[in-house]
Structure formats: structure tokens, C-alpha cells
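Reviewing the structure listed below.
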2 protein chains.
Amino acid sequence: MLSKKTQYALKALGYLAAKYGQGPVLISEISMKKKIPIKFLETILLELKQNGVLDSKKGKGGGYFLINHPKKTTLARAIRLVGGPIALIPCVSLNFYEKCQDCDEATCGLYKAMAQTRDATLKILEKKTLAELMDAE
Amino acid sequence: MLSKKTQYALKALGYLAAKYGQGPVLISEISMKKKIPIKFLETILLELKQNGVLDSKKGKGGGYFLINHPKKTTLARAIRLVGGPIALIPCVSLNFYEKCQDCDEATCGLYKAMAQTRDATLKILEKKTLAELMDAE
DNA sequence: CTATTAGTCCATAAACTTAGTAGGCTTTTA
DNA sequence: TAAAAGCCTACTAAGTTTATGGACTAATAG
């Protein structure tokens, strides 16, 4: 399961995607519309900024906005930035790999099953982008 | 990510799958071979028994064993029994569903993306069985 | 130049989950 | 009846997640 933080991040990004090209959006606006605790959202958006997905403007008329067109950022990227691994176990994670202490990856049945699952998941998450998160209202 | 508990469960089941039809297997044997803390493993196997996947025999010559042929139990089932949801967010979980407080599932973009991911994952995990977890040695 | 707006940053608290342990109880077999 | 082996409950320790408070900095308007 994705953490709450990751879910909030995706919702916020979806909101910003819908507002893309319309200037900065207030944290408080995102917080209200998406029902995300404002201080928590603050740290999430900051992290996304530090990771190069968002940029911000301070002062009056300020806020957060997507740097690139929504279609340029995949869900896989977004999830990894704030939420960590997409794979179900560490030894098949591409970005957060950790070796199993006890099993040999060449022969481990679990490894194979999980690697296949990871590939199927990634196939979707690397095709979908922030543009898909905009609500169809 | 799957919890350690779930990973242990899958490894233990894989071990038992390899020994299917050969009588009960000691907790201590599984613990040693799969490097799983024995007391932790004990609770996991018990849970799997209570969920109808394993059965056990007490006393000398006792131990745990699979009730059904390894091919009869899918990985999806095994994961759900000890590890909970397979879906990435609660509102798309089939077995551990929880409604989103704030979004409408008919229009939520995140819902759609995650539902699709869940389907792709399930397609694999419902086809793979404990038989696949046996190490190819 | 100063008041206001709005993001930045750090520290910490509260809640929850996970991982693992302890130890006595029950059943089975020889 | 003793040894083997699982059963079961409770507990704890640690870590993670979620969330908040408050002071600071930057930008803008007038």
C-alpha cells in the first residue's frame, strides 16, 4: 500500500496538473480542495520541489506549480520520489534495491514472481502521467 | 512493499511446497533453512493454519504441512491472508476496501490508475501458486 | 520602506505498525 | 509418563508515519 503521504502527494499533483499554466497555486487552496492537513502538505510539496517536480513562488501571488507539462511526469516517478519502492520486496526493487540475506536471486522462486509483478506494475505506472490524475468532472 | 511477516510467510510456504506429500515439517527446520526467527515463524504458521492453508500435527514426528497441493493456493491468496491488501490504495482494494473520504470514485483519476494497476498485479498473483515458490536448485 | 502574504525549515509529538520475545499450556507418541 | 512439538496469549521494543508548532525568509504592493 502507498503511504498516506504518497497518496496526498499524488492528489496534490493531480490538482496542480489541472491548474497547469495558470500560475502558482496556494498550499492552502490545495489543502482545502483535496482535504489534506496543511502542514503535512507543506512538507510534501517542499520535498517535491527539492526533487525537481515542482517550483514555487513566495509572497503575494505565490504558491506552487508544476515545472513541466503534466504529461512529462509519470506516476512511477512521482511515487518513487515521495513514497519509495514500487516493488513488493526489496530484492526486486530497481530504485531501492537491497540484497536478500539468504536467497540466491538466480534460483529463488519468490524473486521471479515478484520481479514479474513489478514489471507489470511499472508498465502501467510508467505510462500513466500526472495528466491522468486530473478529475474528470 | 510486503511486510517482513508476509515475506517470511511466502518463504515458509515455498519450503513447505517443496516438501509437499512428505509428511510434517518442523518449525525449527523451516526456521533454520529459511533464516526466519523461530518464534515469529511460529505465529505466522499458526495464522496460516487458522486460515485453512496449513495443517499441523503435534508431538513427535509432528510439524506443519500444506493441506492442498501447492498449485491450489495462489500467491494472491497467501499474501492476503497474512499481509493484507494487494492494491496500492484502500479505495481500490477488493478485499480490504475503504471508501475515500473526499473523492468520487467515478471521476477520480487516481482511482482509475490504481484500479488498473491492481488488475495487472492480480492477473499475475492469481495465476502464480506456491509451486512457483519452490527454489530451482 | 514597511506591512502583508506566502513559502521554508526545524524540531518534536502522537499514533500506529511491525518485528520479535517470553513463557506456560496442550496434544501426541513411544 | 516423559519427551517432543505445536498452541496461545501477552507483551515490549523499535521504528515509521502522520501531523503540528513556531520562528524565519523572500517577494510584492503601496
*Using a 4.0 Å cut-off on protein heavy atoms (strictly under), produce a 5'-to-3' string for nucleotides 25-30 of chain C with B for base contact, S for backbone-only sugar-phosphate contact, and - for none.*
-BBBS-
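- Note on residues 32-51 of chain A: pairs passing ring pair (Phe, Tyr, Trp, His ring centres under 6.0 Å), not counting sequence neighbours, are A:Tyr8-A:Phe40.
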_Treating primed atoms plus P, OP1 and OP2 as sugar-phosphate and everything else as base, which nucleotides of nucleotides 14-22 of chain D get B, S or - for protein heavy atoms under 4.0 Å?_
----SSBBB
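- In this view, B:Phe65 satisfies the ring-ring contact (aromatic ring centres under 6.0 Å, His included) rule with no residue, not counting sequence neighbours.
- At whole-Å resolution of the value, CD1 in B:Ile30 and P in D:dA5 are 13 Å apart.
- Contacts with DNA chain D (heavy atom under 4.0 Å) in residues 81-97 of chain A: none are found.
- Applying the side chain to side chain donor-acceptor pair (under 3.5 Å) test to pairs two or more places apart or on separate chains, those with a residue in residues 84-98 of chain A are A:Tyr97-A:Glu105.
- The distance from atom CG of A:Leu46 to atom C1' of C:dA11 is 15 Å, rounded to the nearest whole Å.
- Residues passing the side-chain contact (heavy atoms from CB on, under 4.5 Å) test with A:Met1, sequence neighbours excluded: B:Pro85, B:Pro90.
- The residue B:Leu45 sits apart from the nucleic acid: no heavy atom pair falls under 4.0 Å.
- Residue pairs meeting the salt bridge (charged side-chain N to carboxylate O under 4.0 Å, His left out) criterion with at least one member in residues 38-63 of chain B, sequence neighbours excluded, are B:Lys5-B:Glu47, B:Lys39-B:Glu42.
- The distance from atom CD of B:Gln7 to atom P of C:dT17 is 19 Å, rounded to the nearest whole Å.
- No donor-acceptor pair closer than 3.5 Å links the side chain of B:Ser31 to the backbone N or O of B:Ile27.
- Here A:Glu126 pairs with A:Arg80 under the salt bridge (charged side-chain N to carboxylate O under 4.0 Å, His left out) rule; sequence neighbours left out.
- Partners of B:Lys19 according to the salt bridge (charged side-chain N to carboxylate O under 4.0 Å, His left out) rule, which considers only residues two or more places apart in sequence or in another chain, are B:Glu29.
- Looking at heavy-atom distances under 4.0 Å, A:Gln50 makes contact with sugar-phosphate atoms alone, never a base.
- As a whole-Å value, the separation of A:Ile27 CD1 from D:dA27 P is 16 Å.
- Put simply, CD on A:Glu47 is 15 Å from C1' on C:dC10, counting in whole angstrom units.
- The separation between B:Lys49 atom NZ and D:dA5 atom C1' is 11 Å, rounded to whole Å.
- Residues B:Leu130 and B:Ala78 come closest through the heavy atom pair CD2-CB, 4.4 Å.
- One can place CG of A:Asp55 at 13 Å from C1' of D:dA26, the figure rounded to the nearest angstrom.
- Screening residues 71-93 of chain B for ring pair (Phe, Tyr, Trp, His ring centres under 6.0 Å) gives no qualifying pairs among residues at least two apart or on separate chains.
- In this view, A:Tyr20 and A:His69 satisfy the ring-ring contact (aromatic ring centres under 6.0 Å, His included) rule, not counting sequence neighbours.
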